[in-house]
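Note on naming: letters A, B, ... go to the chains in the order of the sequence lines (proteins, then strands), and numbering restarts at 1 for each one. The figures here come from the full heavy-atom set of this structure, side chains too, leaving out hydrogens, waters and symmetry mates.
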Protein chains: 2
Amino acid sequence: MDEGGNEAFAAQDETLRDAAFSDGAVRRPITLADVAREARVGESTVSRVLRSHGSFSEKTRARVEAAVSRLGYVPNRIAGTLASTGSRLIGIVIPSLTNIVFPDLLRGATAALEQEGFQSVIAVTDYDQDREEAVVGSLLSWRPAGLIVTGLEHNPGTRRRLVASGVRVAELLDTDGPGLDIVVGYSNRAAGEASARHLAGRGYRRIGYIGHDLSKDKRAAKRYAGFRDGLNQAGLALAGEERVASPSSVEAGRHGLEALLARVPDLDAAYFSNDDMALGGYFHCLAHGLPVPGRLALFGYNGLDVGRLMPQPLATIRTPRVEAGATAARLLCTGAPGTVVDLGFELIEGATA
Amino acid sequence: MDEGGNEAFAAQDETLRDAAFSDGAVRRPITLADVAREARVGESTVSRVLRSHGSFSEKTRARVEAAVSRLGYVPNRIAGTLASTGSRLIGIVIPSLTNIVFPDLLRGATAALEQEGFQSVIAVTDYDQDREEAVVGSLLSWRPAGLIVTGLEHNPGTRRRLVASGVRVAELLDTDGPGLDIVVGYSNRAAGEASARHLAGRGYRRIGYIGHDLSKDKRAAKRYAGFRDGLNQAGLALAGEERVASPSSVEAGRHGLEALLARVPDLDAAYFSNDDMALGGYFHCLAHGLPVPGRLALFGYNGLDVGRLMPQPLATIRTPRVEAGATAARLLCTGAPGTVVDLGFELIEGATA
DNA sequence: GTCCGGATTGGCAGCGCTGCCAAATCTTGC
DNA sequence: GCAAGATTTGGCAGCGCTGCCAATCCGGAC
């Protein structure tokens with residue numbers, strides 16, 4: 001059923017656009033020199049006033065501002081950046097926009113950057129290290145003041161470019177390994193271990209893992225490794241696992257749990273690579289009348305809002321993603337080189353385990 | 001319970017960074033002139049080779065590329081943009097990063113833009129038209145080749161800036177009204193109406209609305225208006241409504257439905273301002289043992305994946321958000337002025353209504 | 001009235017690249 | 001072998017702004 005779907009191309013009302021040209025003049029973009037002429041001051045004076053930098057009289061300020069608004073002048077930051085030393089751009093490289101955790105990170109970072117007067121340029125890698133190398137190169141060509149990247153694992157080429165460029169780099173959402181400069185995040189390994197300890201401590205013994213493609217998502221792989229270690233420390237082993245060959249999603253979680261239960265029917269707990277997956281698992285249990293956590297316990301990762309609002313709140317680990325973005329942004333602007341900030345995580349007991 | 005949360009600041013291994021300076025030379029950034037000297041050709045020749053623009057011999061190409069890789073040259077797009085006429089930047093203005101629909105839009109747009117060789121700069125307005133005006137000004141100072149904004153409603157100041165700048169503008173996710181230039185989306189009014197027709201057609205008579213703050217979210221307000229019209233056309237009126245004074249969320253949906261049912265206990269269907277809200281409503285029903293749709297039917301908007309995977313698939317309207325982003329991006333690069341594309345929407349019957 | 005120091009202002013050389021044009025080099029046909 | 005044309009190449013003037021420096025102005029001290 002497809003409604004409202006008529007492909008319609010039509011010329012729009014041009015009144016507004018015409019109005020912009022109503023003076024009949026040729027639309028040469030307005031430059032700082034135009035403003036200077038209009039205000040009868042020098043170019044550098046206009047520049048000083050607009051940036052509130054250096055000294056100028058109140059009278060001059062008023063004249064310049066009047067000229068600016070009369071002409072509708074918009075400064076050209078391209079030219080400004082080229083002329084001055086550093087840009088006010090920060091590049092942000094994230095693996096995906098499909099999972100809400102990365103928009104969360106962006107949200108924290110852009111809000112903090114805006115406060116400091118920076119603009120963010122984003123690029124998405126689709127969890128592909130070769131694409132990461134390419135987008136890092138592309139971002140560096142804008143001569144950013146800093147770069148925020150996700151994770152600690154990068155191609156040799158990416159590392160070389162980052163280091164050679166000399167720009168500040170912040171690596172996010174992982175502290176399990178050495179970083180290039182600033183590192184802000186939490187230990188994914190420890191999160192996996194904590195999850196295992198929690199489930200083992202609750203008395204679950206037949207624990208399975210449902211995950212997505214771990215070859216590209218290094219942080220999920222670290223949680224998985226930590227989880228197995230945690231089970232071993234408790235004298236347990238994974239009772240079974242299912243890796244869905246796709247990015248994480250509610251669907252992958254639902255089908256993954258179904259597949260795993262078919263192979264390992266006596267599972268008593270399921271650890272998911274994240275909350276989306278766990279929500280899918282929960283839906284499977286609801287749909288098939290499997291009591292949670294009586295018949296099967298569920299445990300996620302990320303602490304998304306949705307988990308808190310399920311009929312039974314999801315047992316999970318809350319990660320400070322927005323804070324990580326904001327912290328990284330601030331440190332890029334002001335922090336000492338080599339600063340590492342472990343923001344930690346919080347285990348939420350919920351009611352599904 | 002807070003683990004792994006030790007705030008740790010430590011100097012990182014500096015080996016890599018030092019390596020970059022191991023030649024002992026002062027790190028003056030490498031410019032195109034350096035490459036030209038190294039390759040023993042003119043600057044314009046290097047420029048032509050790097051942009052594959054104009055003609056040059058195979059031998060020259062090889063020489064230049066060897067010099068580039070020997071020196072590790074990264075072109076400076078700031079300078080390139082200033083020197084050439086147009087930039088390869090597109091500004092994207094979205095109201096929020098909290099709701100997955102906007103990352104979806106970004107995803108479509110950035111993917112398409114990358115193909116065309118453009119980079120995107122994003123800005124977030126928090127659904128505030130004054131902030132929109134500010135971020136539009138800020139984006140325009142980067143002299144973008146085009147701007148993607150959300151919705152058709154803007155401050156007079158925003159409209160003036162957009163028009164005066166002369167950049168191409170695409171307005172997204174709404175076709176209910178006149179646009180400035182390119183418009184890509186679907187009719188929110190029609191979506192609301194279709195939802196009402198569907199519920200009425202299914203025999204529901206006591207239909208309520210659960211929404212969020214509509215004063216800022218103009219598209220949700222249009223759906224609401226369309227929904228009321230649709231009910232009227234079917235000879236019905238809204239049996240009650242609940243507006244949660246917060247952005248849309250699962251939580252708002254859950255609490256909103258609870259509040260509405262307390263006031264209007266004989267409701268037989270609930271229309272939510274979007275799927276997140278509807279999911280919250282579904283969770284409320286599950287938690288309180290209300291049969292869906294027997295006791296209460298639920299209807300959402302957006303067609304998120306999660307709705308499809310609920311034990312009973314959510315009745316909703318699927319909107320082509322990723323496609324809208326991609327289409328807008330392509331039209332900005334190549335489309336005729338004033339192009340309006342209505343991508344339509346799809347009503348998904350699901351099992352909750 | 002003159003001088004001094006600080007506040008204010010303007011001029012201009014770049015920032016690194018591209019676009020234009022003219023110069024140099026290579027082809028081709030006869 | 002040579003001219004006409006095509007291909008390849010280099011020089012250089014900006015793009016619009018900022019940073020530096022010198023010039024100018026002002027008020028108060030002498």
Side-chain angles (χ1 to χ4, degrees), chain A residues 27-65 67-68 71-89 117 138 140-145 165-166, chain B residues 27-65 67-68 71-89 117 138 140-145 165-166:
Chain A
R27 269 288 151 203
R28 187 178 50 74
I30 291 157
T31 69
L32 184 139
D34 297 325
V35 177
R37 207 172 310 116
E38 175 84 12
R40 296 169 193 291
V41 297
E43 297 186 25
S44 18
T45 302
V46 176
S47 175
R48 275 187 294 258
V49 170
L50 291 181
R51 289 177 298 148
S52 309
H53 177 270
S55 66
F56 44 83
S57 69
E58 169 56 28
K59 202 179 59 184
T60 307
R61 195 193 53 71
R63 282 247 297 280
V64 169
E65 287 185 349
V68 164
L71 297 177
Y73 169 67
V74 178
N76 184 332
R77 277 210 250 214
I78 299 280
T81 302
L82 181 61
S84 61
T85 40
S87 83
R88 305 291 281 177
L89 280 177
S138 168
L140 284 176
S141 73
W142 290 100
R143 295 293 184 271
S165 71
Chain B
R27 270 286 152 204
R28 187 177 49 74
I30 291 159
T31 69
L32 184 138
D34 296 324
V35 176
R37 208 171 308 115
E38 174 84 12
R40 296 170 192 290
V41 297
E43 296 187 26
S44 17
T45 302
V46 176
S47 174
R48 275 187 296 258
V49 169
L50 292 180
R51 288 177 300 147
S52 309
H53 177 269
S55 66
F56 44 83
S57 69
E58 170 55 28
K59 203 180 57 185
T60 306
R61 194 192 53 70
R63 281 248 296 278
V64 169
E65 288 186 348
V68 164
L71 297 177
Y73 170 67
V74 177
N76 183 332
R77 276 210 251 216
I78 298 280
T81 302
L82 181 62
S84 60
T85 38
S87 82
R88 305 292 281 178
L89 281 176
S138 168
L140 284 175
S141 73
W142 291 101
R143 296 293 185 270
S165 70

Please write out each protein N/O paired with an N/O of nucleotides 22-25 of chain D under 3.5 Å, distance rounded to 0.1 Å.
none

Quick one, give me the B/S/- string for nucleotides 8-16 of chain C, reading 5' to 3', where B means a protein heavy atom under 4.0 Å from the base and S means that only happens at the primed atoms, P, OP1 or OP2. BBBB--BBB
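- To the nearest 0.5 Å, atoms CG (B/Leu82) and CG (A/Asn76) are separated by 6.5 Å.
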Taking it one step at a time, do B/Ser57 and B/Thr60 satisfy side-chain hydrogen bond (donor to acceptor under 3.5 Å, both in side chains)? CA-CA 5 Å; B/Ser57 69; B/Thr60 306; 2.7 Å; yes
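- In terms of modelled atom types and a separation under 3.5 Å, the side chain of B/Arg143 and the main chain of B/Leu140 share a donor-acceptor contact.
- Residues that satisfy the side chain to side chain contact (heavy atoms under 4.5 Å, CB included) test with A/Ser84, not counting sequence neighbours, are absent from this structure.
- Considering only heavy atoms from C-beta on, B/Thr81 stays 4.5 Å or farther from B/Trp142 through its side chain.
- Look at CZ on B/Arg37: it is 15 Å from C1' on D/dG10, rounded to the nearest Å.
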Listed pairs under 3.5 Å, donor-acceptor, residues 45-52 of chain B side chains, sequence neighbours left out:
| from | atom 1 | to | atom 2 | distance (Å) |
| --- | --- | --- | --- | --- |
| B/Thr45 | OG1 | B/Arg48 | NH2 | 3.4 |
| B/Ser47 | OG | B/Arg51 | NE | 3.2 |
| B/Ser47 | OG | B/Arg51 | NH2 | 2.8 |
| B/Arg51 | NE | B/Ser47 | O | 3.3 |

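- At the phosphate of C/dG19, OP1 or OP2 sits under 4.0 Å from a side-chain N or O atom of B/Arg51.
- With sequence neighbours left out, B/Ala62 forms a side chain to side chain contact (heavy atoms under 4.5 Å, CB included) with no residue at all.
- Rounded to 10°, the angle separating the first-five-pair axis and the last-five-pair axis of the helix from C/dG1-D/dC30 to C/dC30-D/dG1 equals 40°.
- For the 3.5 Å distance criterion, the side chains of B/Ser87 and B/Arg77 fail to qualify, holding no donor opposite an acceptor.
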